[in-house]
Amino acid sequence: MKAIQFLIGFAVLALASSLASAYDPSPLQDICVAINNPKDGVFVNGKFCKDPKLARAEDFFFSGLGKPGNTANRLGVDETDANVEQIPGLNTLGISAFRIDYAPYGQRPPHIHPRASEILLVLEGTLHVGFVTSDQLNNTLISKVLNKGDAFVFPIGLIHFQFNIGKTNAVAYSALNSQFPGEITIADAVFGANPPINPDFLAKAFQLDPKTVKDLQHKFINGN
C-alpha cells in the first residue's frame, strides 16, 4: 500500500504542477464526475457530468490496484486500469494510472498511447524497457534495464515496450497524463485489423511474403 500511495502522490505532484502541461484540456470546474446517463448532465470532454453537489467519495475511489492480475495468457502480462472508466471523478482531470503484472519473460509488446505520456515505476522484478523515436530522430531505440524502485518515462505517441527479463514475477505501476490515454498495440492493430488490411499491401510494406502476412493475420484476428 505504501508503494501505491507513493506512486499516486508522485503522479499527482508531477502532473498537477503548474510547470506541467497535461494533454487533456484543463478542467473548468472543481470536479466533473462522469455519468453514463445524460439526464440532468452536461457533456464535457467525452463524458457527461453529474451535478457536483451529488458527488460522493466513491466517485473518486478505486480499490483494484492491490490485486495481482492474471498473467496466464500468450504474452504473460495483465493490466489493471484505473482511468475514468473505473474512477469517474477523474473526468477532465488529465490523469490516470494502471498496474502491470508480468509473468517470467512476460511482455507488453510494442504499443503507443495516443493521448498520453507515461511514467512507469517498478515495484518488483527486473524489466527491460524502451521506446523508439520518430523518423525525425532516425528511429533511435532508447532503452534501459530497470530494477525495483527504478522509474522510466515513455513520451506521448512513441512506440514503447516492457519485457520481464527475470525468472520471477514482476510488478510495475504507471501514471499517465490523460483520463483515458488509449492503447494501440502495433501487431494487433496491423495484423488484427477488422476488416483485414490488404495482405499484398502489408507484404510490400514489411518486405514479407504474402503467405506469411496471411498467416499472421489469421493468428492475430483469431487472438492466437
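Sequential numbering from 1 along the given sequence is applied to the chain's residues.
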TODO: For this output row, return yes or no: ring centroids of Phe206 and Phe201 closer than 6.0 angstrom.
DONE: no

Task: Same apolar cluster (I L V M F W Y, side chains within < 4.5 Å links), Phe161/Phe98 - done: no

Task: Least distance between heavy atoms, Ile221 atom then Phe191 atom - done: CG1-O, 3.7 Å

- [ ] Measure centre to centre between the rings of His160 and Phe131, then say whether the value is under 6.0 Å.
- [x] no

Task: same_hphob_cluster(Ile100, Tyr105) at 4.5 Å side-chain heavy-atom cutoff - done: no

Open item on the list: Tell me whether Gln217 contacts the main-chain N or O of Ile197 through its side chain, where contact means a donor paired with an acceptor under 3.5 Å.
Closed with: yes

Open item on the list: To the closest 0.5 Å, what do you measure between CD1 (Ile156) and CZ (Arg115)?
Closed with: 9.5 Å

- [ ] Measure from the side-chain N and O atoms of Thr185 to the backbone N and O of Ala187, and report whether any donor-acceptor pair falls under 3.5 Å.
- [x] no

Task: N/O donor-acceptor pair under 3.5 Å between Gln179 side chain and Thr92 backbone - done: yes

Task: Any donor-acceptor pair under 3.5 Å from Thr133 side chain to Thr140 backbone - done: yes

Open item on the list: For Pro181 versus Ala116, what's the shortest heavy-atom pair and its separation?
Closed with: CB-CB, 3.5 Å

- [ ] Grab the two heavy atoms, one from Leu176 and one from Ala97, that are nearest each other, plus how far apart they are.
- [x] CD1-CA, 4.5 Å

- [ ] Check the pair Ser174, Ile119 against side chain to side chain contact (heavy atoms under 4.5 Å, CB included), reporting the backbone distance first and the verdict last.
- [x] CA-CA 5 Å; Ser174 282; Ile119 182 167; over 6 Å; no

Task: Shortest non-hydrogen separation from Leu90 to Val84 and the atoms involved - done: CD1-N, 4.0 Å

Task: Spacing of Glu85 atom CD and Asn91 atom CG [to the nearest 0.5 Å] - done: 9.5 Å

Sequence neighbours excluded and cut-off under 3.5 Å, please list the side-chain donor-acceptor pairs for residues 56-73, or say none.
residue : atom : partner : partner atom : Å
Asp59   : OD2  : Lys50   : NZ           : 3.2
Asp59   : OD2  : Arg56   : N            : 2.9
Asn70   : OD1  : Ala72   : N            : 3.1
Asn73   : OD1  : Leu75   : N            : 3.1
Asn73   : OD1  : Gly76   : N            : 2.8
Asn73   : OD1  : Val77   : N            : 3.3
Asn73   : ND2  : Asn70   : O            : 3.4
Asn73   : ND2  : Val77   : O            : 2.8

TODO: Report the residues that fulfil side chain to side chain donor-acceptor pair (under 3.5 Å) with Lys211, sequence neighbours left out, ordered by chain and then residue number.
DONE: Asp215

Open item on the list: Going by salt bridge (Lys or Arg N to Asp or Glu O under 4.0 Å), name the residues that satisfy it together with Asp150, two or more places apart in sequence or in a different chain.
Closed with: none

Task: All ring-ring contact (aromatic ring centres under 6.0 Å, His included) counterparts of Phe163, not counting sequence neighbours - done: none

Open item on the list: Could you work out, with side-chain contact (heavy atoms from CB on, under 4.5 Å) as the rule, every residue matching Val145, not counting sequence neighbours?
Closed with: Thr126, His128, Ile165

Task: Cluster check Val132, Ile112: I/L/V/M/F/W/Y, side chain < 4.5 angstrom - done: no

Task: Contact list for residues 118-131, test salt bridge (charged side-chain N to carboxylate O under 4.0 Å, His left out), sequence neighbours left out - done: Arg108-Glu118, Glu124-Lys148

Task: Tyr102 versus Gln162, side-chain donor and acceptor atoms under 3.5 Å - done: yes

Open item on the list: Assess the residue pair Arg99 and Val171 against the criterion (side chain to side chain contact (heavy atoms under 4.5 Å, CB included)); give the C-alpha distance rounded to whole Å, side-chain angles, the decisive distance to 0.1 Å, and a yes or no.
Closed with: CA-CA 7 Å; Arg99 169 185 175 134; Val171 181; 4.0 Å; yes

- [ ] Examine distances only and state if a side-chain atom of His111 and a backbone atom of Ile159 form a donor-acceptor pair shorter than 3.5 Å.
- [x] no

TODO: Spell out, as yes or no, whether a donor-acceptor pair under 3.5 Å connects the side chain of Ser96 to the backbone of Asn83.
DONE: no

- [ ] For Asn164 and Gly106, indicate whether the former's side chain and the latter's backbone hold a donor-acceptor pair under 3.5 Å.
- [x] no

